[in-house]
Amino acid sequence: MLNPIDTAAVIRDGRAAGSFPGEIHEGVAWWIAACYVVVSRAGQMAVAHDGHPTTAAFHDRFCRGAINAQHYRCQVCDLGPADEAQLLHAMRTLGGVPGARLTTADEGGRQAVTIRLYDAGGQPVTEESGWAAVRSKIARGQVPIPVNDHAKGRITECRDLLEAP
């Protein structure tokens, strides 16, 4: 695996988080998305971010990882900048699909990037409901490989699903 991470340090406590650059990089977002689509068998998901410039790069990689997860043809509803309540609303509006929200916090001269996953019921993904399987796939180098153009999903802007906070 190119540019490996300490999966136990980065993927823990119901999220993936680490300082950037250093503990986490944009490729991790791809890995997490591809693995989560396979683990959850998602055919569609909603993805949002906090609007921070660093988060935008992670968000882009996350969306591309999700649409390239094996044969799942996952359709990604890109919400763009949205808070958690807006993400959960969009997930419900789409008929109860999984989701993800990516954020960056500037902490003492470093940037801390966090990726949170939500199941189709809008609950945060826990160790038992998905994070352990995602971490295991990444640690063992079993990230789903990109697929051909006929088998991959699509990213669609869905900002119209956002309701005012």
Test log, rule side chain to side chain contact (heavy atoms under 4.5 Å, CB included), inputs I5 and H25: CA-CA 9 Å; I5 60 164; H25 55 82; 3.8 Å; yes

Test side chain to side chain contact (heavy atoms under 4.5 Å, CB included) applied to I24 and S19, step by step: CA-CA 6 Å; I24 196 168; S19 62; over 6 Å; no

L162 vs L79, side chain to side chain contact (heavy atoms under 4.5 Å, CB included): CA-CA, chis, key distance, verdict: CA-CA 7 Å; L162 298 178; L79 300 170; 4.0 Å; yes

Side chain to side chain contact (heavy atoms under 4.5 Å, CB included) between Q123 and Y118, worked out: CA-CA 5 Å; Q123 295 301 307; Y118 300 85; over 6 Å; no

Derivation and outcome, side chain to side chain donor-acceptor pair (under 3.5 Å), residues T54 and T104: CA-CA 7 Å; T54 298; T104 300; 5.1 Å; no

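Taking the side chain as every heavy atom from C-beta outward, L117 and I32 approach each other to under 4.5 Å. For the pair D60/W30, no side-chain contact is recorded, criterion being any heavy-atom separation below 4.5 Å from C-beta on. Counting only heavy atoms from C-beta outward, the side chains of D160 and C158 approach each other to under 4.5 Å. For the pair V47 and H59, the minimum side-chain heavy-atom distance is below 4.5 Å. A 4.5 Å side-chain heavy-atom check between R135 and V10 finds every atom pair outside the cut-off. Taking 4.5 Å as the limit, every side-chain heavy atom of L102 sits out of range of all side-chain heavy atoms of T114. Within the 4.5 Å cutoff, the side chain of V134 has no heavy atoms near those of the W31 side chain. A heavy-atom distance below 4.5 Å is found between the side chains of L94 and Q44.
Using a distance-only test at 3.5 Å, with no hydrogens or angles considered, no donor-acceptor pair links the side chain of R12 to the main chain of A8. Using modelled atom types, no side-chain atom of S136 and backbone atom of A132 make a donor-acceptor pair closer than 3.5 Å. Judged by distance alone, with hydrogens and angles left aside, the side-chain atoms of R101 form a donor-acceptor pair with the main-chain N or O of A82 at under 3.5 Å. A donor-acceptor contact shorter than 3.5 Å is absent between the side chain of W131 and the backbone of T126. Remark: side-chain polar atoms of S129 are not paired, donor with acceptor, to backbone N or O of V125 under 3.5 angstrom. With hydrogens and angles disregarded, no donor-acceptor distance shorter than 3.5 Å links the side chain of Q70 to the backbone of N68.
The CE atom of M91 sits 12.0 Å away from atom NE2 of H89, with the distance rounded to the nearest 0.5 Å. One finds the CZ atom of R140 at 11.0 Å from the OG1 atom of T7 (value rounded to the nearest 0.5 Å). Within the model, atoms NZ of K152 and CD1 of I155 stand 8.0 Å from one another, a figure rounded to the nearest 0.5 Å. To the nearest 0.5 Å, atoms CD (Q86) and OG1 (T93) are separated by 11.5 Å. Atom CE of M45 and atom SG of C77 lie 11.0 Å apart (nearest 0.5 Å).
By the disulfide bond (SG atoms under 2.5 Å apart) test, C63 is found to be paired with no residue, residues two or more places apart in sequence or in another chain being considered.
The existence of a salt bridge linking R116 and E84 is excluded, since no basic side-chain nitrogen approaches an acidic carboxylate oxygen closer than 4.0 Å.
Contact detail for Q111 and D106: the closest heavy-atom pair is CG-OD1, 3.2 Å. Annotation for R61 and A29: closest pair CB-CB, 4.2 Å, computed over non-hydrogen atoms. Among all heavy-atom pairs drawn from D50 and T103, the shortest one is OD2-CA, 3.2 Å. Heavy-atom minimum distance, L87 versus A46: CD1-O, 3.7 Å. Summarising the geometry of A112 relative to E107, their closest heavy-atom pair is CB-OE1, 3.7 Å, with the distance given to 0.1 Å. Between C35 and K137, the closest heavy-atom pair is SG-CB, 3.6 Å.
Counted within 6.0 Å of CZ on R110, heavy atoms from surrounding residues, nucleotides or ligands total more than 12; the atom is thus considered enclosed.
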